[in-house]
Asker: 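The following block contains the structure, expressed as structure tokens.
In each ligand, atom 1 is the first atom listed, and ligand 1 is the first ligand listed.
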Amino acid sequence: MAKLRLFVEQSLAPGQSVSLTREQAHYLFGVMRLAEGAEILVFDGQNGEFAARIAEAGKRGGRLDIGARTRPLQAPPDLWLLFAPIKKARTDFIVEKAAEMGAARILPVQTEFTNSERIRRERLQAHAVEAAEQCGGTFIPEVCDLERLDRLLADWPAERRLMFCDEALVGARAALSGPPAPWAILIGPEGGFSGSERARLHAMEQAVAVSLGPRILRADTAVVAALALWQSLLGDW
Ligand code: SAH
């Protein structure tokens with residue numbers, strides 16, 4: 001069986017000792033039934049992945065001894081995902097998939113037709129961590145707080161291209177080209193983009209309007225499709 005992978009907040013190096021939080025101890029010893037002496041893999045999001053041995057296993061905590069580095073950090077391309085949050089379970093799905101597909105930063109944005117005014121950032125960040133643990137990633141994308149799209153665009157970095165997934169282009173050929181990263185992908189809400197948002201985005205020099213094929217996709221599907229398209233043409237696939 002593949003070794004269990006655990007993300008830890010502490011910066012890792014061989015020979016270190018890491019204290020486990022209550023939640024980590026519950027997961028390793030209560031749920032996964034690991035005992036002292038068991039070997040797992042740990043990563044910190046900065047220094048790669050390391051072998052680790054369980055040195056102490058308790059109900060409320062425990063300790064790991066860190067061994068050799070097993071893999072270097074593999075950071076994704078400098079790609080942001082901007083998406084308008086939808087229903088809770090589908091928003092969780094978007095964050096999980098974005099982490100698996102190799103987004104470097106996840107930015108929930110409020111557009112004119114966004115259905116949801118609030119997100120729970122910490123819960124979404126925890127989904128990104130779980131996805132990285134499960135998919136063999138050594139990097140955790142940061143999940144940002146909800147921000148208004150118009151404010152983000154007003155301050156948009158000159159060098160960062162924006163792959164604007166525009167449902168009005170449905171049926172057009174999915175043409176994406178441009179320089180390598182930095183890039184961002186923008187996916188709208190269930191209601192799509194407003195006329196003024198669309199006009200503003202088309203007028204942006206950094207924006208490249210893209211079709212995702214002949215069918216209108218749900219926002220969560222569109223996220224995965226756009227990430228696959230970008231990664232295969234300009235990213236690390
Ligand atoms: N209600 C809208 C569709 C919104 S789909 C309508 O009927 O027109 C949600 C988001 O997914 C869109 O804002 C867009 O970013 C993306 N999307 C879905 N299908 C797409 C397609 N075929 N081409 C480009 N973007 C698409």
Side-chain angles (χ1 to χ4, degrees), residues 76-119 124 127-128 131 141 143-157 160-179 181-235 237:
D78 185 0
L79 174 65
W80 297 356
L81 171 71
L82 277 61
F83 76 99
I86 43 180
K87 284 195 205 93
K88 201 169 89 175
R90 287 180 185 272
T91 299
D92 291 351
F93 176 94
I94 286 176
V95 170
E96 179 182 295
K97 299 310 156 204
E100 286 176 56
M101 300 286 292
R105 199 159 174 238
I106 301 172
L107 299 94
V109 295
Q110 201 170 352
T111 65
E112 282 183 46
F113 301 152
T114 297
N115 341 36
S116 135
E117 253 118 68
R118 293 186 47 231
I119 55 154
L124 294 177
H127 278 289
V143 181
C144 301
D145 272 322
L146 185 66
E147 201 178 335
R148 279 175 52 169
L149 178 66
D150 56 354
R151 294 211 183 120
L152 256 179
L153 295 183
D155 247 349
W156 193 255
R160 186 171 294 275
R161 299 290 155 132
L162 184 62
M163 173 177 166
F164 164 39
C165 297
D166 183 0
E167 68 274 4
L169 297 179
V170 64
R173 284 193 63 81
L176 174 67
S177 64
W183 272 82
I185 290 172
L186 172 62
I187 302 290
E190 281 165 21
F193 292 100
S194 72
S196 62
E197 283 171 337
R198 180 167 290 113
R200 178 171 189 184
L201 284 157
H202 278 287
M204 268 175 74
E205 216 178 290
Q206 301 96 320
V208 179
V210 168
S211 160
L212 297 176
R215 291 160 290 269
I216 297 272
L217 308 175
R218 296 187 74 128
D220 45 350
T221 318
V223 163
V224 181
L227 282 161
L229 183 62
W230 190 90
Q231 287 288 23
S232 62
L233 291 172
L234 298 169
W237 281 25

Asker: So which of Ala168, Ala226, Pro189 gets nearest to atom 9 (C) of ligand 1, if we judge by its closest heavy atom?
Answerer: Pro189
Asker: Output yes when Glu100 and Lys97 qualify as a salt bridge under the 4.0 Å nitrogen-oxygen rule, no when they do not.
Answerer: yes
Asker: Using a 4.5 Å cut-off on heavy atoms from C-beta on, say whether the side chain of Ile106 contacts that of Leu124.
Answerer: no
Asker: So which heavy atom on Gly171 is nearest to which on Ser211, and how close?
Answerer: N-OG, 4.0 Å
Asker: For atom 3 (C) of ligand 1, what's the nearest protein heavy atom and its distance?
Answerer: Ile216 CG2, 3.7 Å
Asker: Suppose I only count heavy atoms of Asp166 and a 4.0 Å limit; which atoms of ligand 1 are within that range?
Answerer: 23 (N), 24 (C), 25 (N)
Asker: For atom 14 (C) of ligand 1, what is the nearest protein heavy atom, given as residue, atom name and distance?
Answerer: Cys165 O, 3.2 Å
Asker: Which atom names give the shortest non-hydrogen contact between Leu146 and Pro85, and what distance separates them?
Answerer: CD1-CG, 3.7 Å
Asker: Among protein heavy atoms, which sits nearest to atom 16 (C) of ligand 1, and what does the distance come to when rounded to 0.1 Å?
Answerer: Ala222 CB, 3.6 Å
Asker: Where do Gly192 and Glu167 come nearest, in terms of heavy atoms and distance?
Answerer: CA-OE2, 3.1 Å
Asker: Could you tell me, atom by atom, which parts of ligand 1 come under 4.0 Å of a heavy atom of Val210?
Answerer: 24 (C)
Asker: Tell me, do Gln206 and Phe164 make a side-chain contact under 4.5 Å, heavy atoms counted?
Answerer: no
Asker: Looking at ligand 1, is there an atom of it that comes within less than 4.0 Å of some heavy atom belonging to Arg218?
Answerer: no
Asker: Just to confirm my output: which protein heavy-atom neighbour is closest to atom 5 (S) of ligand 1, and how far is it?
Answerer: Leu217 O, 3.2 Å
Asker: List the closest protein heavy-atom neighbour of atom 10 (C) of ligand 1: residue, atom name, distance to the nearest 0.1 Å.
Answerer: Gly188 O, 3.4 Å
Asker: For ligand 1, which is the ligand I care about here, please tell me if Leu212 has any N or O atom under 3.5 Å from one of the ligand's N or O atoms.
Answerer: yes
Asker: So do the side chains of Leu234 and Leu79 get within less than 4.5 Å of each other, counting heavy atoms only?
Answerer: no
Asker: Below 3.5 angstrom, do we get any N/O pair linking Ser211 and ligand 1?
Answerer: no
Asker: Leu169 near ligand 1, heavy-atom distance under 4.0 Å?
Answerer: no
Asker: Around atom 1 (N) of ligand 1, find the nearest protein heavy atom and jot down its residue, atom name and distance.
Answerer: Glu190 O, 2.6 Å
Asker: Within ligand 1, which atoms have a heavy atom of Phe193 less than 4.0 Å away?
Answerer: 13 (O), 15 (O)
Asker: Closest heavy-atom contact between Ala226 and Cys165?
Answerer: CB-SG, 3.8 Å
Asker: Which of the listed options, Glu197, Arg198, Glu167, holds the heavy atom that is closest to atom 8 (O) of ligand 1?
Answerer: Glu167
Asker: Determine the minimum heavy-atom distance between Val170 and Gly213, stating which atoms define it.
Answerer: CG2-O, 3.5 Å
Asker: Please give me the minimum heavy-atom distance between Pro108 and Cys144, naming the atom from each residue.
Answerer: CD-O, 3.2 Å
Asker: Starting from atom 22 (N) of ligand 1, what is the nearest protein heavy atom, named by residue and atom, and what distance separates them?
Answerer: Arg215 O, 2.9 Å
